[in-house]
2 protein chains.
Amino acid sequence: MKIDFDGIQAFVAIAELGGFSKASEHLHVTQTALTRRLQKLEAYLDLRLLDRTTRYVELTAVGREFLPQAKSIVGEVTRAVGTLKDMSSRGRGNFTIACIPTMASQALPAAIRRYALAYPGNRIRIIDASGFEVRDAVLHGQAEIGIGLPTDRHQELEETQLLEDPYMFFCREEHPLSNRDHVVWSDLHEAELIAISTMSANRLALDAQLEKHGINLSGRYEVRHLSTAIGLVAAGVGAAILPSSTLEVGARPGLRRIPLKGPTIKRKIVVIRRRNTTLSPAADAFVRLLLRRNDEQ
Amino acid sequence: MKIDFDGIQAFVAIAELGGFSKASEHLHVTQTALTRRLQKLEAYLDLRLLDRTTRYVELTAVGREFLPQAKSIVGEVTRAVGTLKDMSSRGRGNFTIACIPTMASQALPAAIRRYALAYPGNRIRIIDASGFEVRDAVLHGQAEIGIGLPTDRHQELEETQLLEDPYMFFCREEHPLSNRDHVVWSDLHEAELIAISTMSANRLALDAQLEKHGINLSGRYEVRHLSTAIGLVAAGVGAAILPSSTLEVGARPGLRRIPLKGPTIKRKIVVIRRRNTTLSPAADAFVRLLLRRNDEQ
DNA sequence: TTTGTTTATGCAAGGATAGCAATAATTACG
DNA sequence: CGTAATTATTGCTATCCTTGCATAAACAAA
């Protein structure tokens, strides 16, 4: 026979409120229904839980023993179901997002700020990691969604373009090109460039595109993180070609960010998620917020 | 809407066994039913708990979060219901009995020994207390059943006679009457008798019956407990009139227990329980065992 | 493409549940 | 002592739910 949650719920309500009628109001059913539910439960257990006349309701010895368990069961179920309904109806809930460092320090905080207004109380765990790690975090389920670079079009991953991030030329204001409103690739001297390590997903993406245009550049210095490259530029070691989002305009005095044309090369930033999986409402709302903003721009 | 325990149970089974078909075997329903249950739950929550194709079943982020709670719910409910069914079907369970001291040291242990054979594992808590306290313990629900003396026929109490306990004459073997096969009331000299305090339910019961027969006895010494009286008798302080069950024949060397006739006066021992209440199956079985034994004798 | 496996669905039947109205049981009050 | 008031129970019916069968659809592997 099927286990009868209604019966347990009825038992708790009747026992706690001390009567069928009061309990029936509380549960929004008729008192007839409660009588039946309790009878059914007692019949199933072959046990009397409540001794009752028309004047009073009283726990039996067994009922007294069962009541705390029953209360805990009813409480646990209603709490759990309530939480879930909250998730779906109001987008409540917590989720994890993986994100590459540049986005994590620029676009993501802004998005989170807007998200927090619409969904206060939701917690977001951020895994800030390299492009490869972002991909893996999503693939292995450590993060529901990722913000990163386009990957190898893995069978199980689905990528949606979030924005395009043009590569720009970064240098100190003392640099000969620092006053140009734009530079072209042929202006650049390989010798003074700080490059990103080929270990990086960024570098791979850049190289692939440069190759299409017959451009070939490799810097004198090689670092692994964009932030390190910026540091070297700031210290006057050299200049660098980095995604524009690496540093907002004017974020660091003495540094210049100059558009790079002929051709303009961009890296795509994508939202990554597992294919054929359902996002939690909280994460789903976040993704929609991210992408909607993107459309508007 | 009503909370759907079946759905939760289905969710757990499908998630844990990794498929609808396996889960359906486990729950002894068709796979169709499981599909429907899960669909209903998901529809109610407006939330997807399992991402599934015909080839695999996989938890969604929300499902992963919910699964432990769901498991705990299902476990708690099945455990609780199982315990209750055990109570009814096999008389499993623990209960409390209140009992007057003489019965607690004589008849009760024997009954418990027999009970333990039929219902191994059941724990019995014994409140050994005076007749008044036994009555109150039952009345106030501290004990489900009581073994004691007939009381004031309280509205809420129900008494069933368990046995009759004749008063007998207790003395040391040096006593002049010690070799008689019985004594009569007129043989007794008040001066050497040890009496029970009028605080005792025992004494009240005895006095009431003596009065009917025009016998009037009050001892020189007065004690509160039968066991104390026995002690005084054994020490040679005097003799006493006590219920036969106070001491089994030959239980203490040097002491004699002699039937007391003309008339024979007995105290009744009753099983006390609250009227209109249902005993736990464990306690009920014990009562029936007690009374059945009584009928057989 | 075919095949085998697994979940989903249309449909009909059976079962369970709720509500109404009336009844029975019990207490309180006149 | 009888009557009213309150409360749980029950008969009955309509409705809703659930199940199971048969079948379809989806998917992966050969």
Side-chain angles (χ1 to χ4, degrees), chain A residues 1-45 47-60 63 154-158 274-278, chain B residues 1-45 47-60 63 81 154-156 158 274-278:
Chain A
M1 157 146 180
K2 268 170 37 182
I3 279 175
D4 179 11
F5 181 81
D6 293 342
I8 298 177
Q9 193 183 33
F11 165 62
V12 171
I14 298 167
E16 294 226 290
L17 299 174
F20 285 68
S21 310
K22 282 167 215 149
S24 71
E25 288 177 32
H26 187 250
L27 295 180
H28 306 295
V29 288
T30 56
Q31 151 265 20
T32 305
L34 281 195
T35 295
R36 293 266 155 72
R37 287 185 187 176
L38 188 65
Q39 283 174 340
K40 190 184 154 214
L41 179 64
E42 288 184 333
Y44 170 56
L45 296 174
L47 216 52
R48 217 171 157 72
L49 296 173
L50 293 169
D51 280 318
R52 46 201 188 270
T53 70
T54 58
R55 300 310 284 181
Y56 64 86
V57 169
E58 197 184 26
L59 288 161
T60 63
H154 187 285
Q155 165 98 14
E156 294 194 8
L157 293 180
E158 186 177 298
R274 293 189 58 200
R275 199 181 294 279
N276 298 326
T277 60
T278 308
Chain B
M1 155 142 182
K2 268 169 37 181
I3 279 177
D4 180 10
F5 182 81
D6 293 340
I8 297 177
Q9 193 183 33
F11 165 63
V12 171
I14 298 166
E16 295 226 290
L17 299 175
F20 285 67
S21 310
K22 283 166 216 149
S24 71
E25 286 176 32
H26 187 249
L27 294 180
H28 307 295
V29 288
T30 57
Q31 159 265 351
T32 306
L34 279 196
T35 296
R36 294 267 155 73
R37 286 184 188 178
L38 188 65
Q39 283 174 340
K40 189 184 153 211
L41 179 64
E42 289 184 332
Y44 170 57
L45 296 174
L47 215 54
R48 216 170 157 75
L49 296 173
L50 293 170
D51 280 318
R52 48 199 186 270
T53 72
T54 58
R55 300 310 284 181
Y56 63 86
V57 169
E58 195 184 28
L59 287 162
T60 63
V81 170
H154 187 285
Q155 166 96 15
E156 294 195 7
E158 187 176 298
R274 293 189 59 198
R275 197 182 295 278
N276 299 325
T277 60
T278 308

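Letters A, B, ... mirror the listed sequences (proteins, then strands); counts begin at 1.
When each of D/dT19, C/dT9, C/dG19 is scored by its nearest atom to the side-chain atoms of B/Q39, the top-ranked nucleotide is C/dT9. Comparing C/dG19, C/dT6, D/dG20 by their closest approach to the side chain of B/V29 singles out D/dG20. Side-chain proximity of B/F20 to C/dA8, D/dC21, D/dA8: nearest is C/dA8. When each of C/dG10, D/dA26, D/dG11 is scored by its nearest atom to the side-chain atoms of A/T32, the top-ranked nucleotide is D/dG11. Of the candidate nucleotides D/dC17, D/dA8, C/dA18, D/dC17 has the atom lying nearest to any side-chain atom of B/K40.
Side chain of A/R55 to backbone of A/T53: no donor-acceptor contact under 3.5 angstrom is found. Between the side chain of A/R37 and the main chain of A/A10, no donor-acceptor pair closer than 3.5 Å is present. No donor-acceptor pair under 3.5 Å is formed between the side chain of A/T60 and the backbone N or O of B/T278.
B/T35 comes within 4.0 angstrom of a base, heavy atoms only. Across all strands, B/R36 comes closer than 4.0 Å to base atoms (heavy-atom distances).
Checking the phosphate oxygens (OP1, OP2) of C/dA28, no side-chain nitrogen or oxygen of A/R55 falls inside 4.0 Å.
Judged by distance alone with a 3.5 Å cut-off, no donor-acceptor contact links the side chain of A/T54 to the base of D/dA8.
Put simply, CD on B/E58 is 16 Å from C1' on D/dA28, counting in whole angstrom units. Between the C1' atom of C/dT6 and the CZ atom of B/R52 lies a distance of 12 Å, rounded to the nearest Å. Between the CG atom of A/L27 and the P atom of C/dA18 there is a distance of 11 Å, rounded to whole Å. Nucleotide C/dT26 holds its C1' atom 11 Å from the CG atom of B/N276, rounded to whole Å. Remark: C1' of C/dA8 and CD1 of B/I14 are 12 Å apart, rounded to the nearest angstrom. As rounded to whole Å, 19 Å separates atom P of C/dG15 from atom OH of A/Y44. Distance, B/Q31 CD to D/dT18 P: 17 Å, rounded to whole Å.
A salt bridge links A/E58 with B/R274: the closest approach of a Lys/Arg side-chain nitrogen to an acidic carboxylate oxygen falls below 4.0 angstrom.
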